Amino acid sequence: MRLSRLALATTKETPADAEIVSHQLMLRAGMIRKLGAGLYTWSPLGMRVLRKVETIVREEMDAIGALEILMPAVQPAELWQQTGRWDTMGDLMLRMTDRAEREYCFGPTHEEVMTDFVKRDVRSYKQLPATYYQIQTKFRDEIRPRFGLMRAREFLMKDAYSFHMDSDDLAREYQSMRGAYVRILDRMGLDYRIVAADSGAIGGAKSEEFHVLAQSGEDALAVSSEGSYAANIEAAMTVPGDGERPAPTRELKKIDTPGVTTIAALAAHLDVPTEATSKAIVVMGEDARPVLLMLRGDHTLNEIKAEKLDGVATPLTMADEATIRAHFGAGPGSLGPVNTNIAVVADHALAKAADMVVGANYDGAHFTGFNWGRDHPEPRFADLRNVEAGDASPDGHGHIQILRGIEVGHVFQLGDKYSRALELSVLDEDGRAVTPQMGCYGFGVSRIVAAAIEQCHDDAGIRWPMAMAPFELVIVPIKADKSAAVRETCERLYDELKAAGIDVAYDDRGLRPGPMFADAELIGIPHRLVVSDRGIEAGMLEYRGRGDAESGEVAADVAAIRQKIGRG
RNA sequence: CGGGGCAUAGCGCAGGCUGGUAGCGCGUCUGCUUUGGGAGCAGAAGGUCGCAGGUUCGAAUCCUGCUGUCCCGACCA
């Protein structure tokens, strides 16, 4: 590609409304332009990157036998009503009405349409298993779109769906798809982790997420320092800990703690470490009565774990102050298990605690010397808290480290949630109707472009991994307008490199060297060749890799160049 | 949806308090000179100051409403 024809639109200045580096660099490099909140146009330069990602994804999907299709972006409401998601999706779904007042949505995902498609054609076990995928634009009306493409409302996603006669075959395909994702990310050369995940609103059993590691990542990942355990912090287990609970040594004693409503203030007031205190959180139960959740003072509640507790309302709802006062006689900050008949669920970390500090259910008072069994019946113990750095790893090897990640892929074993709701049924070998098991597998095509930049950039701009770069190599002429030799050498190299299958850019824009170098670095081309009279006289070109500190040389012929850039 | 910003030339910003000819930098265009890290000189184009009302002789500026957008929170592949 001749850069004079690419409509490059780079800028020196960083747009004011771009917060994270990938958003800033994509705007500066002219890869995308904002149309509205969470809506972006991809420029010719950006499209080159997007297409490279799509190509890798498509190749790996095809390689595991997934079949490409393309479903409508606009979907009738009826299908969504059948699975109940027309109501449960809420405002995330962009809804619209046609001229006949029929209701539609712009698809935020495609389980319903996919299942319906299979239902029309698949009748026999002989037609399964089958895996379909598409690369398509989704729209999710995010409450708060942000960070450019990282959390856009309209985005490009590869979504795949598989159908199976039984869960063993689903598990097999799940592993196959997981392997394809590993190969996709390996080919892209990104540093990533696979973590156990909560399956969230989509439902289903086993699920794992693929995260590109980056400091700006929105997700926290709990990863074992020595073992293989890795989980999204939302789903990461904590280890109960072993040993016996010490015997009580102190009497239950009420103490005045006026104005003390936070753990930090309580610990300071009593001159004890925060882990010697406890915190009480009141959530609504399934029967409209509240449930008291108790954690060690220095721990934080994992709301997903809390929501899954038997007896706790879904979605998790914090009790308001009026409800709390009605049941406890005190406000938040002084709550505890003593003298209540409210159901108590305590985190494992409190199971081995003795002589605890708990709220007294009187404003401005706490108890010290609280002991389970003696001062309150043994509560139900459960895993309620967020895992923290330094915790023992659940797999028994090493401790937990917290990493930040950007979720770019998610694989689920869905089970029969959608096939059952949409009455998909096929006949097995014995002629019995079976509801197929489904898997679904998402991959954020546009998001991974941003994620790659978050992981791969420097002060000068983007440092694409080779597989994602808009061009592999750029030819930069020096004083081309003065030197026929420079022009001829550039043209010859450009033609020969193209013929050799190298994705080469030729900067024929006639700019001064500075802007050409700056643009090449900003848009992140991995290899650069500089053609000048003084090099031509020596039969050499200047070569510099995007990450190199210094320029080197390479002979001015295609074989030498190919060797230099690892394409020999 | 709650809280907080912002909206003036293609981009980044000043001006606003104290109402009176709309400015700066970058970019763009023309000419000449330049050509190894975002050139110099000279000239030029480009703005219903987000929208709608109001106050006023007069509004970018003051008042009211609306819209858009960004940030924090809850939510989320």
Side-chain angles (χ1 to χ4, degrees), chain A residues 9-20 23-24 27-28 30 33-39 88-93 107-111 136 138-160 197-204 207-211 218-219 232 234 303-304 307 315-318 405-412 440-448 451 459-461 476-483 486 507 509-522 528-535 541-542 544 551:
Chain A
T10 58
T11 64
K12 270 190 288 192
E13 288 178 291
T14 301
D17 54 7
E19 191 79 1
I20 60 171
H23 191 195
Q24 293 172 350
L27 288 169
R28 282 193 53 208
R33 286 289 175 250
K34 186 175 75 173
L35 178 63
L39 304 172
T88 58
M89 271 285 183
D91 291 334
L92 188 70
M93 197 150 71
T109 178
H110 282 70
E111 282 82 8
Q136 202 228 26
K138 305 275 191 251
F139 188 96
R140 296 184 189 175
D141 195 0
E142 294 285 346
I143 292 170
R144 184 147 88 84
R146 58 183 141 177
F147 301 150
L149 289 177
M150 202 67 83
R151 187 163 294 282
R153 294 198 292 176
E154 191 174 299
F155 58 100
L156 195 65
M157 181 175 180
K158 185 283 303 177
D159 48 326
D198 179 69
S199 44
I202 288 187
S207 89
E208 289 169 290
E209 296 169 345
F210 289 70
H211 285 262
E218 290 188 272
D219 285 289
N232 191 306
E234 293 177 347
E303 299 190 7
I304 291 170
E307 184 173 290
L316 188 71
T317 309
M318 296 296 169
I406 300 163
E407 184 187 352
V408 296
H410 201 157
V411 290
F412 292 86
C440 82
Y441 318 92
F443 190 91
V445 174
S446 50
R447 178 182 279 183
I448 202 169
D459 290 345
V476 178
I478 303 294
K479 293 189 200 173
D481 62 328
K482 292 279 170 57
S483 167
V486 167
D507 197 340
R509 295 177 296 169
L511 301 180
R512 299 161 56 82
M516 287 193 286
F517 294 152
D519 278 350
E521 284 157 11
L522 175 60
R528 184 183 81 190
L529 292 176
V530 178
V531 179
S532 66
D533 275 325
R534 72 182 186 218
L541 303 171
E542 176 189 305
R544 186 160 177 178
S551 298

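Just so you know, these numbers use all the heavy atoms, side chains as well, and skip hydrogens, waters and symmetry mates. All values derive from a computational prediction rather than experimental measurement. The chains referred to below are lettered A, B, ... by the order of the sequence lines, with proteins before strands, and numbering in each begins at 1.
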Sequence-distant partners of [X], ring-ring contact (aromatic ring centres under 6.0 Å, His included), two or more places apart:
| X | answer |
| --- | --- |
| A:His110 | none |
| A:Phe155 | none |
| A:Tyr441 | none |

Discussion item. Donor-acceptor pair, distance only, cut-off 3.5 Å: does the side chain of A:Arg140 make one with the backbone of A:Met93?
Written reply: no
Worksheet item: Would you say the side chain of A:Arg544 and the base of B:G37 hold a donor-acceptor pair, judged only by whether the two atoms sit under 3.5 Å apart?
Response: yes
Discussion item. Tell me whether the side-chain N or O atoms of A:Arg151 pair up with the base of B:C76 as donor and acceptor below 3.5 Å, since no angle test is needed here.
Written reply: yes
Discussion item. For the base of B:A77 and the side-chain ring of A:Phe155, does the geometry meet a stacking cutoff of under 5.5 Å between centres and under 30° between planes?
Written reply: yes
Check: protein-nucleotides 33-36 of chain B nitrogen or oxygen pairs below 3.5 Å:
residue: B:U34; atom: O2; partner: A:Arg512; partner atom: NH1; Å: 2.8
residue: B:U35; atom: O4; partner: A:Asp481; partner atom: OD2; Å: 2.6
residue: B:G36; atom: O6; partner: A:Ser532; partner atom: OG; Å: 2.4
residue: B:G36; atom: N1; partner: A:Glu542; partner atom: OE1; Å: 2.7
residue: B:G36; atom: N2; partner: A:Glu542; partner atom: OE1; Å: 2.0
residue: B:G36; atom: N2; partner: A:Glu542; partner atom: OE2; Å: 2.8

Response to the item:
With sugar-phosphate taken as primed atoms, P, OP1 and OP2 and all else as base, the protein-contact string of nucleotides 6-16 of chain B at under 4.0 Å (heavy atoms; B, S, -) is -----BSS---
Fill in: Whether over 12 other heavy atoms sit under 6.0 Å from A:Asp17 CG
yes
Between the protein and nucleotides 27-29 of chain B, which nitrogen or oxygen pairs come in under 3.5 angstrom?
none

Fill in: Sugar-phosphate, base or nothing in reach of A:Ala520, heavy atoms under 4.0 Å
nothing
Worksheet item: Between B:A77, B:G38, B:C70, which one does the side chain of A:Glu142 approach most closely?
Response: B:A77
Fill in: Spacing of A:Arg144 atom CZ relative to B:C76 atom C1', expressed in whole Å
12 Å
Response to the item:
Under a 3.5 Å limit on both distances, the Watson-Crick or wobble mate of B:A77 is none
